[in-house]
**Student:** 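Dumping the structure here so I can ask a few things about it.
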Amino acid sequence: MTAQPLLSVRNLRTVFGTMQGDVTAVDDVSFDVSPGEVLGIVGESGSGKSVTALSIMGLLPQPPGRVAGGEILFQGRDLLKMPKSELRQLRGSAIGMIFQEPMTSLNPVFTIGDQITETIRVHERIGAAAARTRGIEMLARVGIPSPERRIDDFPHQLSGGMRQRVMIAMALSCSPKLLLADEPTTALDVTIQAQILDLLRDLQRELGMAIVIITHNMGVIAEFADRVAVMYAGRIAEEGTVDRIFDAPSHPYTVGLLSSTPDMLAEVPRLRTIPGALPSLYELPPGCRFAPRCARRIETCDAGRPAMLDLAPGHRAACIRATEGAAP
Ligand SMILES: Nc1ncnc2c1ncn2[C@@H]1O[C@H](COP(=O)(O)OP(=O)(O)OP(=O)(O)O)[C@@H](O)[C@H]1O
Ligand code: SF4
Ligand SMILES: [Mg+2]
């Protein structure tokens, strides 16, 4: 892809200070997102997906979290060096975010209308009536029936799927160029999940927005993403187009994830079928972090961090055996 990336994450390192010392939850992670592109980030629970998203948004809980290295370039500007006020302005306008559980992001004591118009008015100089009209339009756009009535509901009066639609309406109300969606459908049942993904896909095409979607579910990636980055223990294990990753997965961890994926968009797998568990960030293996669980492990795997090997344009994997052909 030749277009200048919209988002370019370079060697990101995010650390948490804990009682037992610092742990590096995101360790030298780099990836690009082009305008209008959908990048999926997939990996087991604890692999550093949310910490990556929170680092990009400047929303890490500080302390204990901090970005200890790297760059996060958005339209060529480093968000890590941007004044806080400017970053706040960017959030919700050029960059939107939706989280897994809308009840944690919607305030229970205010109506949907209060919250959506507030979001719009923080970023645009328009009056209350105009913001309300826009809010109703946005609710209609995300498929909420009778939006002119629903706008006066409180969050608890809506179903989980409807609340997630409201979150999407809020995130999209200022037409962001980039949407970070962290497990946007995991809390919902399978049918609603598929509807919300269809909706996001339609809006993404209509608005030409780029999306980073974080998920446990390879089925969601297959349906939704153009490219995928597979994370393991704070690092990227493999990255490539969805076609390449599904046709020629080269990191044994990716192979494990794919073989543990049931039907597309079926019940969300917690990806527990790969034997063993993610290593503790306090006791990381000296070489490849996947080594304790890897069927292809050889002695050299423990010698040091496996380099990223280029396998095809845009396809790379951090496995010393990645060029040997199909992993078992
Ligand atoms: N507030 C915190 N304090 C200390 N460590 C933290 C904190 N938040 C995250 N971490 C560390 O960062 C690691 C990665 O967490 P993260 O939330 O990014 O995982 P994830 O990939 O999003 O997992 P999930 O799929 O469960 O959402 C955790 O395993 C934990 O060790
Ligand atoms: S580097 Fe070695 S241990 Fe790590 S994934 Fe590749 S083969 Fe397995
Ligand atoms: Mg998470």
Side-chain angles (χ1 to χ4, degrees), residues 12-27 29 40-57 59-68 97-101 104 180-187 212-217 220 229-238 249-257 268-272 274-309 311 316-328:
L12 178 67
R13 219 161 72 79
T14 303
V15 168
F16 287 93
T18 72
M19 302 283 266
Q20 295 112 295
D22 280 359
V23 289
T24 305
V26 172
D27 190 5
V29 161
I41 300 183
V42 70
E44 272 165 305
S45 192
S47 53
K49 306 180 300 295
S50 295
V51 172
T52 301
L54 293 170
S55 303
I56 295 168
M57 293 298 279
L59 291 176
L60 280 174
Q62 281 183 312
R66 68 177 195 282
V67 173
M97 182 155 184
I98 44 179
F99 300 92
Q100 175 175 348
E101 181 34 73
T104 57
L180 296 182
D182 190 355
E183 310 260 10
T185 59
T186 311
V212 174
I213 184 163
I214 292 174
T215 176
H216 286 91
N217 190 335
V220 170
V230 178
M231 281 192 77
Y232 189 79
R235 290 180 177 163
I236 291 186
E238 184 163 5
S250 298
H251 194 291
Y253 179 59
T254 314
V255 175
L257 286 187
V268 181
R270 295 302 290 181
L271 304 181
R272 282 273 169 234
I274 304 169
L278 216 59
S280 155
L281 293 177
Y282 296 99
E283 288 172 84
L284 289 167
C288 174
R289 292 181 177 177
F290 188 59
R293 301 168 76 181
C294 183
R296 300 192 104 191
R297 178 186 193 171
I298 51 175
E299 219 170 287
T300 344
C301 300
D302 300 323
R305 175 180 179 175
M308 269 286 177
L309 300 180
L311 305 169
R316 54 199 188 113
C319 167
I320 59 168
R321 305 190 65 184
T323 51
E324 289 176 23

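Values in this document were obtained by computation on a predicted structure and should not be read as measured data. Note that ligands are numbered from 1 as they come in the structure, with each ligand's atoms numbered from 1 the same way.
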**Student:** Within the structure, does G48 bring an N/O atom to less than 3.5 angstrom of an N/O atom in ligand 1?
**Tutor:**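 For ligand 1, there is an N or O atom that lies under 3.5 Å from one belonging to G48.
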**Student:** As a check for students: among V23, V51, I214, V15, identify the option with a heavy atom nearest to atom 15 (O) of ligand 1.
**Tutor:** V51
**Student:** Flag the pair D302 / P285 as yes when at least one side-chain heavy-atom distance between them is below 4.5 Å, and no otherwise.
**Tutor:**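 Of all side-chain heavy-atom pairs linking P285 with D302, none is under 4.5 Å.
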**Student:** Looking at side-chain heavy atoms only, is the closest gap between S250 and C319 below 4.5 Å?
**Tutor:**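 Not touching, per the 4.5 Å side-chain cut-off.
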**Student:** Which of these passes side-chain contact (heavy atoms from CB on, under 4.5 Å) with T14: L54, T52, V51?
**Tutor:** V51
**Student:** Would one find an N or O of P61, backbone or side chain, under 3.5 Å from an N or O of ligand 1?
**Tutor:**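 No; the residue has no nitrogen or oxygen that sits under 3.5 Å from a nitrogen or oxygen of the ligand.
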**Student:** Rounded to the nearest 0.5 Å, what separates atom CG in L281 from atom CG in D22?
**Tutor:**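 The CG atom of L281 sits 11.5 Å away from the CG atom of D22.
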**Student:** Output, by chain and residue number, all protein N/O/S atoms separated from atom 6 (Fe) of ligand 2 by less than 2.8 Å.
**Tutor:** C319 SG
**Student:** Taking 4.0 angstrom as the limit and counting only heavy atoms of E44, give me the atoms of ligand 1 inside it, by number and element.
**Tutor:**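 Ligand 1 atoms under the 4.0 Å threshold to E44: 21 (O).
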**Student:** So, regarding T52 and ligand 1 (criterion: nitrogen or oxygen to nitrogen or oxygen, under 3.5 Å), is there a contact or not?
**Tutor:**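 Looking only at distances, the answer is no, because the N/O contact criterion of under 3.5 Å is not met.
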**Student:** Got Y232 and H251 here, is their nearest side-chain heavy-atom distance under 4.5 Å?
**Tutor:** no
**Student:** Should you measure from each heavy atom of E183, which atoms of ligand 1 turn up under 4.0 Å away?
**Tutor:**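 Answer, ordered by atom number: 25 (O).
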**Student:** When rounded to the nearest 0.5 angstrom, what distance separates CG in L284 from CZ in R235?
**Tutor:**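 The CZ atom of R235 is 7.5 Å from CG of L284, to the nearest 0.5 Å.
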**Student:** So, regarding K49 and ligand 1 (criterion: nitrogen or oxygen to nitrogen or oxygen, under 3.5 Å), is there a contact or not?
**Tutor:**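 The answer is yes, given that K49 and ligand 1 share an N or O pair closer than 3.5 Å.
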**Student:** Quick check: do M308 and I236 have side-chain heavy atoms less than 4.5 Å from each other?
**Tutor:**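 Answer yes - side chains close enough.
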**Student:** Assess G43 for proximity to ligand 1: is some non-hydrogen atom of it under 4.0 Å away?
**Tutor:**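 No, G43 has no heavy atoms under 4.0 Å from ligand 1.
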**Student:** For Y282 and T18: C-alpha separation, side-chain torsions, deciding distance, then whether side chain to side chain contact (heavy atoms under 4.5 Å, CB included) applies.
**Tutor:** CA-CA 10 Å; Y282 296 99; T18 72; 2.8 Å; yes
**Student:** My understanding is that we take every heavy atom of each candidate and find the minimum distance to atom 1 (N) of ligand 1. Doing that for F16, Y282, Y232, which one comes out nearest?
**Tutor:** F16
**Student:** List ligand 1 atoms under 4.0 Å from S50, heavy atoms only on the residue side.
**Tutor:** 17 (O), 18 (O), 20 (P), 22 (O), 27 (O)
**Student:** Kindly say whether E44 contributes a backbone atom to a donor-acceptor pair with the side chain of K49 at under 3.5 angstrom?
**Tutor:** yes
**Student:** Could you check whether atom CD of Q20 has more than 12 heavy atoms from other residues, nucleotides or ligands sitting under 6.0 Å from it?
**Tutor:**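 Yes.
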**Student:** Taking 4.0 angstrom as the limit and counting only heavy atoms of L281, give me the atoms of ligand 1 inside it, by number and element.
**Tutor:**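 Close to L281: 31 (O).
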